[in-house]
Structure formats: C-alpha cells, structure tokens
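Per chain, numbering begins at 1; letters A, B, ... match sequence-line order. Everything quoted here is computed from the prediction, not taken from an experiment.
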Amino acid sequence: MIRVRFAPSPTGFLHIGNARTALFNYLFARKNKGIFILRIEDTDTERSKKEYEESIIEDLKWLGLSWDEGPDIGGLFGSYRQTERLHLYREYAEKLLSEGKAYKCWCTKDELEKRITDAKQKVAGYDNYCRNLTESQISRFKEEGRKPVIRFKVPEKDVVVNDIIRGSVIFEAGSLNDFVIMKSNNIPTFHFAVVIDDLTMKITHVIRGEDHLSNTPKHILIFESLGYTAPYFAHMSMTLGKDRTRLSKRHGATSVRQYRENGYLAEAMFNYLALLGWSSKDNQEIFSKDELIEQFSLQGCNKSNAIFDPVKLLWMHSQYMKMKSASEIFTLAIPFLKNVGFSDEKLQQNKEIIEKVIEMEKEKLKTLLDVPERTGYFITENVLWDPEIIKKFKSPNNKKIFSEIEQLLEIVEPFEKTKIEENIRKYCQDRNLKTSDVFHPLRFALTGQTKGAGLFELIELLGKQKSIKRIETFLKEIEK
RNA sequence: GCCCCCAUCGACUAGCGGCCUAGGUCACCACUCUUUCAAGGUGGUAGCGCCGGUUCGAUUCCGGCUGGGGGCGCCA
C-alpha cells in the first residue's frame, strides 16, 4: 500500500508552492489507490501557531484535497502533530545515543561561530568537536549548567539518493558534518522528526520540493542508522516568481487564501497547479480532478523549475467560470456581493434578476470578484455616474435625446429587447443619428458603466420603470 | 567557500537519434465578428544557451563552459 504525506509547518498561510506539493502527493495517492496523510510539523515552537494549522487545513479542503489520516481526523499512526509525538523522537534519540551513533554536543553559539571561522574548513558548519570529549570535559560542561544538543555522528561514506524524478544523485563522503537531531530544549530538529515520522507512519514515497534534495542524505543516513531502508524519494521542481526567484510577496498573491479571497474557483487553481511541472502527453490543458488523478504520474514531472504565471491562471479560471451555471456563480458570489454592501435580503429578493445578468455576462466574468462589478448596477438603488464621464454627455442635444428616448420607452409594448431595439433604431434613423451616438450615452445613463451587457437586453431586464427613472435622474444630473 | 539540481518561444510545456521546415497552451500582434467591454473565429511573430566530442545523422547521448535554482541552522 502506497502511503504519502504532506507535512506543512504552521508558520503562515498555505503557500502556493506548498499547495502544489500537497496536490502532487494527493494525485499520486489517489492515482495509486494509496493513503494520503496530513502531518503538522510544528517543532518550531517560536513560529508555529494553531491558527495557521487551522487555516492550512481550511485552504487544503477548499482546494479540493482530502486526506485519509491527519490531525483533524486521526488515524492509526497518530498523532499527526509533531509536538504530540515528542516522546517518540526522544526514544529514538536515546537509542542512537546508546549505540554510539549520536552524541551530546555542549558547544555554545559563540564557540561554534568562532571555531567555524577559525578552521576555514571545506565544509561550512560544525567541526564535530564534541565527538571525542573526555569525561572531565563533560562534567565541567555539566557543572557550568550547559544544556547539550544531540548530534548525529555522520558516517564516512557516499550516499546515493535514488530519486524517482531525478535519477540517482550521489553525495560524496565528507560533504556532510555532524548535524543536530535534538535541540537543547529536547525538541527534535526537522531532519530528525521527518525521518522518525516517515518511518513510524510507514511512508513509502516522499514527494517534496527540490529544496530538500540536498538534505536527503541526512535523512537516508538516519534511516540506515536505525536499521531501516529509506522510502522512495521524488523531488519536484520549485515554483518561482516572474523574475525566477523564489515566489514571495513581491510577486503579488502567494497564498491560496489570497486567491480564494480574490474570487478564484478552487477547481481552476487545482488544474493550474497540477500543470506546473507536470504535463500529459497530449496537449490537454483543462482537466477535471478525476482526469488528473487518472493521468498523473511522477514520470510526467518536469525536472526544471516552473514560473507561476498569474496571467495563465486567470485565463484558465475564466474557462472554469464559463462552465459554471448562472445559479452556481450566484451562490459562489454571494460573499463578494455582500462585501460591496448588498444585504442577504436584497440578494435573495433579486436572485432571479442577478442570475439573468450573470447568464448574460458570463462570458466576461473572469473571477467571482467581477460579479458585483458587473451585476451590482442592476439592483442598486442609486446609480453612481462618474463626473468625468458625465461631462462628455452634457450637450443640449443629448438632453433632447434622453428625454425623447424616455418617452419612447414609456410606450414600447411589449417591453422586451427586440421591440426596444426596433424602436430605438427607428428613432435613430428618423433623427438621422448615428446609433453609437445614442447607444453609448444611453448605456452610461442607465448603468453608470461604459461597458456591459447588450444594451437592449439590459433595458429589458432593468424593466420599464427603473429604466425611465434612471434616465430622469440622469437628466437632472446633467442639468447641474 | 563547498555540495547538489536544472537548461526547448516572454511563460507553461511536447519531444525520449532520423517522423522537426521543432508541436500545443497562455501572453503578444494582425484581421474578423460587434451598439460598449469582453468572449469567439482566423492568421501571425517568437525557442532548442555556448563550445567541443560520439554518430552516416543531433533539440535528443557524453564532457566542459555559462546561466538559473537549491542546500550547507539548536528554521522547516
């Protein structure tokens, strides 16, 4: 049985790059009918926060991921929160200590710093000083009240990482120095905790970012020292920003939370992320979740880093918007409509008309955030006209046109789009007016917008009363 | 400084020695449709980083260089 995990540390919102890692793990698990595990790596007691754990879980669920074992649902191999498994790490550390595969290091920060710069070593970092301390040295350190860390005694041997995506990667002996596995506060470091957890949770495949490739020898060595074989590894390419540096604040929205708040649909994000660093052989771009699960393979993963392109995401997103029904979009857009001030009552009252407008505008809606902008003017009581644009329509001629159109609308029967169009076009012809000289100002008067749905269906939907009222108000406005 | 990974249009990618005059998607440009903004349709610009090998033949295999990314923490 294949078992994979996604192991975020709760030190911030779910990052897009991490979301992609989670997604690949998820796809791999589902494809192979395996188990997907969520594990919280909260051993950084300084930065970890419970709220972040909650938000990460929320965002993963929103994205459409589900797991079979995790901190929120439990499982046979729990706990799934590292701070709740501390006894385990201590147990294994003791074992290594007693077998002479690890040792206590009493060095202070200052001492370490000094020794490292003095030595000008090839390998940056610790010089394994505390490997061979005498009894008297140790008792002196104890008397001084020093709190030791536990370091792993790195054996002098080559380590080969057999990576599913990258092939075999060789790290030569001597490129690693003794690293800390237990901090002085008796909490494991990341390197130790991952191994113990992957071991005890029976993880079969470790799928993670390439930033961990260089750390993998450490993990393999720990597995071996404990008498186990390491799981399979697959190091996926990194997600970069436009300038080929790590995706960061500078590049705009970087957390899935932000995209969610900006009105993105989870399915589109899911689809886009899956295509970063992975592709099917047949040029397909739009995939349902099931298709993705069906077609995913680690062999299809690209080795080179991928740049996150919000523009392509947006295009893909608009494709998903088109696939949604008007009523689905309405429901999804409710929070965004409320954000601009429409009450629940108001929205429910106008549900039908909003859905009609959505139907009309659907092709143009790129995100849910566009919904209030493109439908709000239908249900608002007071249209707001941009004073700058109003200026353009202030001519006496326009006043005449508007009042005549008003009268014309008064008598159109039935009040539906073809009839309205017929009448207004005839009016233009009779007065020898260019249609565009009438259509554009009219749209602006009715909606306060210079863009939007087809003018005549817009008028029909607005209704006779509202249309006339708006023209009247607009006339007063341009008389000012 | 040492170690590791990577390298096809601006971006995501297909390509796994001859099917390549390098294909698709986004973006971009042009045309088209059109009462606006879009969307759509049609067409187009644009790429194998460089230098050496191997081979009858290299985008594809090997080496070097260059460039980009990552790691070397009592962060994860």
Task: Distance in angstrom units between His191(A) NE2 and C72(B) P, rounded - done: 6 Å
Task: Closest nucleotide among G69(B), G15(B), G71(B) to the Asp211(A) side chain - done: G71(B)
TODO: Write down the partner of A30(B) under the Watson-Crick or G-U wobble criteria, each distance required to be under 3.5 Å.
DONE: U42(B)
Task: Nearest-Å distance for atom pair CG/C1', residues Leu240(A) and G67(B) - done: 14 Å
Task: Paired nucleotide for C37(B) [Watson-Crick or G-U wobble; both distances under 3.5 Å] - done: none
TODO: Name the closest nucleotide to the Leu455(A) side chain, picking from C74(B), G71(B), U35(B).
DONE: U35(B)
- [ ] Using atom NZ of Lys49(A) as one end and atom C1' of C75(B) as the other, report the distance to the nearest whole Å.
- [x] 14 Å
Open item on the list: Give me the distance, rounded to whole Å, that separates G23(B) from G47(B) when you measure between the P atoms they each carry.
Closed with: 12 Å
Task: Pair Glu84(A) + Arg81(A), salt bridge at N-O below 4.0 Å - done: yes
TODO: Kindly point out which of U35(B), G70(B), C72(B) is positioned nearest to the side chain of Arg425(A)?
DONE: U35(B)
Task: C1' spacing across the pair U59(B) / U21(B), given as an integer number of angstrom - done: 14 Å
Open item on the list: What's the gap between C65(B) and C4(B) when it is taken at their P atoms, as a whole Å value?
Closed with: 13 Å
Open item on the list: Using the C1' atom as the point on both nucleotides, what is the distance between U8(B) and C2(B), in whole Å?
Closed with: 31 Å
- [ ] For Asn302(A), report the nucleic acid contact type (base, sugar-phosphate, nothing); a contact means any heavy atom under 4.0 Å.
- [x] sugar-phosphate
Open item on the list: Ring centres under 6.0 Å, that's the criterion: do His251(A) and Phe308(A) meet it?
Closed with: no
- [ ] Could you check how far CD1 of Ile307(A) sits from C1' of C9(B), rounded to whole Å?
- [x] 13 Å
Dump the pairs, protein N or O against N or O of nucleotides 41-50 of chain B, anything under 3.5 Å, distances to one decimal.
none

Open item on the list: Taking only the P atom of each, what is the distance from C51(B) to U66(B) in whole angstrom?
Closed with: 15 Å
Task: Check ion pair Glu41(A)-Arg39(A) (N to O, under 4.0 angstrom) - done: yes
Task: Pairwise P distance, A7(B) and G64(B) [rounded to whole Å] - done: 15 Å
Task: Euclidean distance, atom CD of residue Glu421(A) to atom C1' of U36(B) [Å, nearest integer] - done: 14 Å
Task: Most 5' of Asp243(A) and Arg20(A) on RNA chain B, judged by nearest nucleotide - done: Arg20(A)
Task: Distance-only donor-acceptor test, Ser175(A) side-chain atoms vs C3(B) base atoms, 3.5 Å - done: no
Task: Distance in angstrom units between Ile329(A) CD1 and A39(B) P, rounded - done: 15 Å
Open item on the list: Within the 4.0 Å heavy-atom criterion, would you say Ile187(A) contacts the bases, only the backbone, or no part of the nucleic acid?
Closed with: nothing
Open item on the list: So, OP1 or OP2 of G24(B): does either fall under 4.0 Å of a side-chain N or O from Lys312(A)?
Closed with: no
TODO: Mind calculating the distance between CD (Gln284(A)) and P (G24(B)) to the nearest angstrom?
DONE: 17 Å
Open item on the list: Can you identify which nucleotide, out of G70(B), U36(B), G71(B), has its nearest atom closest to the Asn215(A) side chain?
Closed with: G71(B)
- [ ] Provide the distance between the two C1' atoms, one in C29(B) and one in C9(B), to the nearest whole Å.
- [x] 15 Å
- [ ] Report yes or no: is there a donor-acceptor pair, N or O only, under 3.5 Å between the side chain of Lys303(A) and the base of C6(B)?
- [x] no
Task: His317(A) and Tyr264(A) aromatic ring geometry - parallel, tilted or perpendicular at 30°/60° bounds - done: tilted
Open item on the list: Side chain of Asn283(A), heavy atoms from C-beta onward: which of G23(B), A7(B), A14(B) has the nearest atom to it?
Closed with: G23(B)
TODO: Pick the C1' atom in G67(B) and in C48(B), then give their distance to the nearest Å.
DONE: 16 Å
Open item on the list: Taking the ring centre of each residue, are Tyr26(A) and Phe6(A) less than 6.0 Å apart?
Closed with: no
Open item on the list: Closest approach to the side chain of Arg244(A), judged atom by atom: which nucleotide of C12(B), U25(B), U36(B) is it?
Closed with: C12(B)
Task: Closest-nucleotide ordering on RNA chain B, the 5'-leading residue of Lys242(A) and Thr245(A) - done: Lys242(A)
Open item on the list: Check Lys426(A) with Glu421(A), please: is the shortest side-chain N to carboxylate O separation under 4.0 Å?
Closed with: no
TODO: Assign Cys301(A) to base, sugar-phosphate, or nothing according to its heavy-atom contacts below 4.0 angstrom with the strands shown.
DONE: nothing
TODO: With the side chain of Trp315(A) defined as its heavy atoms from C-beta on, choose the nearest nucleotide among C26(B), C3(B), C37(B).
DONE: C26(B)
TODO: Find out whether the Lys NZ or Arg CZ of Arg20(A) is both under 6.0 angstrom from the six-membered ring centre of Phe24(A) and within 45° of the ring's axis.
DONE: yes
Task: Proximal nucleotide (of C26(B), G70(B), A39(B)) relative to the Arg246(A) side chain - done: G70(B)
TODO: Test for a donor-acceptor pair under 3.5 Å between the base of C6(B) and the side chain of Arg166(A), counting only N and O atoms.
DONE: no
TODO: Answer with base, sugar-phosphate or nothing: what part of the nucleic acid does Ser184(A) contact at a heavy-atom distance below 4.0 Å?
DONE: base
- [ ] Please work out if Lys362(A) contacts a base, only the sugar-phosphate, or nothing of the nucleic acid, heavy-atom cut-off 4.0 Å.
- [x] nothing
TODO: Step by step, work out the salt bridge (charged side-chain N to carboxylate O under 4.0 Å, His left out) result for Lys356(A) and Glu457(A).
DONE: CA-CA 10 Å; Lys356(A) 277 186 185 157; Glu457(A) 33 188 354; over 6 Å; no
Open item on the list: Quick test of your reading: applying side-chain hydrogen bond (donor to acceptor under 3.5 Å, both in side chains), list the pairs with at least one residue in residues 212-224 of chain A, sequence neighbours left out, ordered by first then second residue.
Closed with: Lys157(A)-Glu224(A), His191(A)-His219(A), Arg208(A)-Thr216(A), Arg208(A)-His219(A), Thr216(A)-His235(A)
Task: Nucleotide opposite U59(B) in a Watson-Crick or G-U pair, distances under 3.5 Å - done: none
TODO: Answer yes when Arg146(A) and Glu144(A) have at least one side-chain N-carboxylate O distance shorter than 4.0 Å, and no when they do not.
DONE: yes
Task: C2(B) - base-pair partner by Watson-Crick or wobble geometry, distances under 3.5 Å - done: G71(B)
Open item on the list: Quick one, Tyr320(A) with Asn271(A), criterion side chain to side chain donor-acceptor pair (under 3.5 Å). Give me CA distance, side-chain angles, the key distance, then yes/no.
Closed with: CA-CA 10 Å; Tyr320(A) 276 84; Asn271(A) 191 159; 2.6 Å; yes
Open item on the list: Please report the distance, rounded to the nearest Å, between CG in Asn305(A) and P in A11(B).
Closed with: 13 Å
Open item on the list: Any side-chain N or O of Lys147(A) below 4.0 angstrom from OP1/OP2 of C74(B)?
Closed with: no
Task: Touch class at under 4.0 angstrom, heavy-atom based, for Ser48(A) against every strand present - done: nothing
Open item on the list: Regarding Glu172(A) and Ser175(A), do their side chains bring together a donor and an acceptor under 3.5 Å, going by distance alone?
Closed with: no
Task: Minimum-distance nucleotide to Phe171(A) side chain [options: C4(B), A76(B), C5(B)] - done: C4(B)
Task: Identity of whatever pairs with A11(B) - Watson-Crick or G-U, under 3.5 angstrom - done: U25(B)
TODO: From the options A14(B), A76(B), G73(B), select the nucleotide whose nearest atom is closest to the side chain of Ser279(A).
DONE: A14(B)
- [ ] Using a heavy-atom cut-off of under 4.0 Å over every strand shown, decide if Lys434(A) touches base, sugar-phosphate, or nothing.
- [x] nothing
